[in-house]
Amino acid sequence: MPVDTAILTPVSLFLGALIGGGASLSAAVYTQRHQDRLQRIAGEIAKREAVYADFVMSASNVLLHAFTHDDVSPTGDEQRLIGLINRMRLFAPSNVVSGAEAVLRAIVEVALRPSIDLRQLAKEALSKSPDPDPLLAFSEICRADLDNVRRSVL
């Protein structure tokens, strides 16, 4: 079968352009998908960091109040803690939610004890008393969760 040389050049130009355009399109789609994934992960990290930080700040306030006051009256901070735990249930792994619940239980236990003077609390904190900080364990769990989300980028 003879090949017409007049057609061979335009066909090869067309195929070359088609292959080059296809490769360019494929690279653009891949790049866009990768950027979208990075943006989703960055948004997920920002959301988790915000909820975890809000929980730690509210829990710190409630814990300090529980140490220094005898009254057990719910304030907005306790309600906020419960709301934040429920928000965590929507997206956080079970170990983070369990850690948050453990913090809440520790706060309730402290609230049921007799109050102590702020000075005494500071002395206990400086002497490394056997009572571990419930927020320390929670913070470490949250850090591990955020590191896992960051690693999912790789």
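None of the values given here were measured: they were computed from a predicted structure.
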Residue pairs involving residues 79-107 (criterion salt bridge (charged side-chain N to carboxylate O under 4.0 Å, His left out); sequence neighbours excluded)
Asp54-Arg80, Arg89-Glu101

Taking 4.0 angstrom as the limit, do Lys47 and Glu44 come out as a salt bridge?
yes

State, to 0.1 Å, how close Phe138 and Tyr52 come at their nearest heavy-atom pair, and which atoms those are.
CE2-O, 4.3 Å

Should Leu84 and Leu90 be counted in the same cluster of Ile, Leu, Val, Met, Phe, Trp and Tyr side chains packed under 4.5 Å apart?
yes

Nearest 0.5 Å, what's the CD1-OG distance between Ile141 and Ser94?
10.0 Å

If you measure from OG on Ser24 to CD1 on Ile19, what distance do you get to the nearest 0.5 Å?
13.5 Å

Distance (rounded to the nearest 0.5 Å) between Arg37 CZ and Gln32 CD
14.5 Å

Distance in Å, Asp77 CG paired with Leu63 CG, rounded so as to fall on 0.5 Å steps:
11.5 Å

For residues Ile107 and Ala59, report the shortest heavy-atom separation together with the two atoms involved.
CD1-O, 3.8 Å

So among Asp145, Leu146, Asp147, which one has a side-chain contact (heavy atoms from CB on, under 4.5 Å) with Val149?
Asp145

Can a donor-acceptor pair be found, under 3.5 Å and without considering hydrogens, that links the side chain of Arg48 to the backbone of Phe91?
yes

Output the distance between atom CE (Met88) and atom SG (Cys142), rounded to the nearest 0.5 Å.
6.0 Å

Going hydrophobic residue to hydrophobic residue with side-chain gaps under 4.5 angstrom, can you get from Leu104 over to Met57?
no

For His65 and Val62, what are the C-alpha separation, side-chain angles and deciding distance, and is it a side chain to side chain contact (heavy atoms under 4.5 Å, CB included)?
CA-CA 5 Å; His65 184 272; Val62 173; 5.6 Å; no

Return the OG1 to CD distance between Thr31 and Gln35, rounded to the nearest 0.5 Å.
6.5 Å

